[in-house]
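Shown next, in structure tokens, is the structure this report addresses.
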Amino acid sequence: MQRPTGPTFRQTVERTELVRVAGAHDALGGVLAQQAGFDAVWSSSLEVSAARCLPDASVLSMTEYLEAAANMQKALSIPVIADCDTGYGNNLNVTHMVHEYEAAGITAVCMEDKLFPKLNSFAAGDQTLLSTEEFCGKIRAAKNAQADDAFYVVARTEALINGLGVEEALTRAYAYAEAGADAVLIHSKSKTKDEVESFLAQWDGCRPVVIVPTTYPEWHVDDIAKAGGSVVIYANQGLRATVSSLRTTFEAIQKYGDTMHLEDSIASVKDIFVLQQLAEWQALESA
């Protein structure tokens with residue numbers, strides 16, 4: 001059975017006015033995102049680490065994150081963009097990362113400008129940034145390492161996360177674009193979209209801008225596009241929904257002692273077989 005094939009992330013950005021991306025941590029989540037109509041899947045370091053009940057704090061290795069992203073891409077005909085934290089170290093690690101992800105069929109990666117090891121942006125703790133010059137070096141290392149011109153490097157600035165303000169975020173983003181980044185990601189943990197809107201209003205459009213509206217969920221996709229966003233990532237909503245659903249389901253089974261009241265609201269075993277492509281695999285036995 002042939003693996004699905006599809007456009008690269010670069011092609012998706014070039015062809016789509018606003019690329020909608022859903023976060024996932026495994027192939028099943030990625031397939032469900034594709035079925036829902038998303039344009040790409042974000043292999044989220046938060047989700048991948050949470051699936052192991054470990055913190056998003058550079059605890060897992062590059063190989064473990066790569067395996068998760070590669071398993072998603074194998075199952076999908078939409079591109080995976082891999083959340084690669086800080087690039088897993090220095091310029092040498094970034095170079096190795098690009099070689100490995102590209103060889104695994106991943107067509108886009110994202111790096112952030114925090115120190116390694118990094119801590120999740122929404123966690124209380126150290127969010128110190130790498131110097132602009134050093135992060136530009138990482139971007140150049142990534143672009144020099146890629147074998148295919150289609151490979152896409154997103155540079156994520158955490159200037160707003162660190163409380164450095166919109167001007168610093170713009171300064172860094174322009175430097176990252178000059179260093180060769182294919183797009184910039186502007187991240188904020190503000191409860192409103194104001195900081196990001198201000199960034200977009202002052203951005204000259206030299207590169208696509210990626211938005212992650214986790215803490216300002218009321219921002220509609222149409223308004224994001226009007227403001228100048230090119231890509232929007234719903235980075236962890238799937239994980240959070242999974243936690244709520246599993247908790248509710250397991251607690252209900254314990255409470256009622258059977259599953260009859262659940263059967264109409266949970267997926268059937270036949271649905272799981274379809275997601276597994278069981279019939280296609282069984283057909284191979286008689287081919």
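Below, each value reflects all heavy atoms present in this structure, side chains not excepted, and no hydrogens, waters or symmetry copies. Here, residue 1 is the first one in the sequence, and each next residue gets the next number.
Open room surrounds CD on Glu133; 12 or fewer heavy atoms of other groups in view lie less than 6.0 Å from it. Surrounding CD of Glu14 are more than 12 heavy atoms belonging to other residues, nucleotides or ligands, all under 6.0 Å away. Annotation: Glu17, atom CD; neighbour count of heavy atoms from other residues, nucleotides and ligands within 6.0 Å does not exceed 12. More than 12 heavy atoms of other residues, nucleotides or ligands sit less than 6.0 Å from atom CD of Glu263.
Atom CD1 of Ile78 is separated from atom CD of Gln34 by 4.5 Å, given to the nearest 0.5 angstrom.
Listed by first and then second residue, the side-chain hydrogen bond (donor to acceptor under 3.5 Å, both in side chains) pairs involving residues 79-93 are Ser45-Asp83, Ser45-Asp85, Asp85-Lys118, Tyr88-Tyr101 (not counting sequence neighbours).
With hydrogens and angles disregarded, no donor-acceptor distance shorter than 3.5 Å links the side chain of Asn120 to the backbone of Asp56. The closest donor-acceptor contact from the side chain of Arg20 to the backbone of Phe38 lies at 3.5 Å or more, if one exists at all. For the pair Ser49 (side chain) and Leu46 (backbone), a donor-acceptor distance under 3.5 Å is present. Without hydrogens or angle criteria, Gln73 side chain to Val80 main chain gives a donor-acceptor distance under 3.5 Å. Counting only distance, with no hydrogens or angles, the side chain of Asn144 and the backbone of Arg140 share a donor-acceptor pair below 3.5 Å. No donor-acceptor distance shorter than 3.5 angstrom exists from the side chain of Tyr216 to the backbone of Asp194, with no hydrogens or angles considered. Side chain of Ser77 to main chain of Gly6: no donor-acceptor pair is present (N/O by atom type, distance under 3.5 Å, no hydrogens or angles). In this structure a side-chain-to-backbone donor-acceptor pair under 3.5 Å is missing from Thr16 to Val19. Although no hydrogens or angles enter the test, the distance criterion places a donor-acceptor pair under 3.5 Å between the side chain of Lys114 and the main chain of Leu119.
Ionic pairing of Asp113 and Arg156 is not present here: no N-O contact between side-chain nitrogen and carboxylate oxygen is shorter than 4.0 angstrom. Classification of Glu251 and Lys255 as a salt-bridged pair fails, no side-chain N sitting under 4.0 Å from a carboxylate O.
With 3.5 Å as the limit, one finds no donor-acceptor pair spanning the side chains of Thr171 and Glu168. The closest side-chain donor-acceptor pair between Glu195 and Ser198, if any, does not fall under 3.5 angstrom.
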For a quick test of your reading: what N or O donor-acceptor pairs under 3.5 Å do the side chains of residues 146-154 make, sequence neighbours left out?
{"unit_1": "Gln146", "atom_1": "OE1", "unit_2": "Lys143", "atom_2": "NZ", "d": "2.7"}
{"unit_1": "Gln146", "atom_1": "NE2", "unit_2": "Asp148", "atom_2": "O", "d": "3.0"}
{"unit_1": "Asp148", "atom_1": "OD1", "unit_2": "Ala150", "atom_2": "N", "d": "2.8"}
{"unit_1": "Tyr152", "atom_1": "OH", "unit_2": "Asp182", "atom_2": "O", "d": "3.3"}

Extract all donor-acceptor atom pairs below 3.5 Å that involve side chains of residues 229-241 and protein atoms in other chains or at least two apart in sequence.
{"unit_1": "Asn236", "atom_1": "OD1", "unit_2": "Arg240", "atom_2": "NH1", "d": "2.7"}
{"unit_1": "Gln237", "atom_1": "OE1", "unit_2": "Ala235", "atom_2": "N", "d": "3.2"}

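Each of Thr128, Ile186, Leu129 was scored for a side-chain contact (heavy atoms from CB on, under 4.5 Å) with Glu158, with one residue passing: Leu129.
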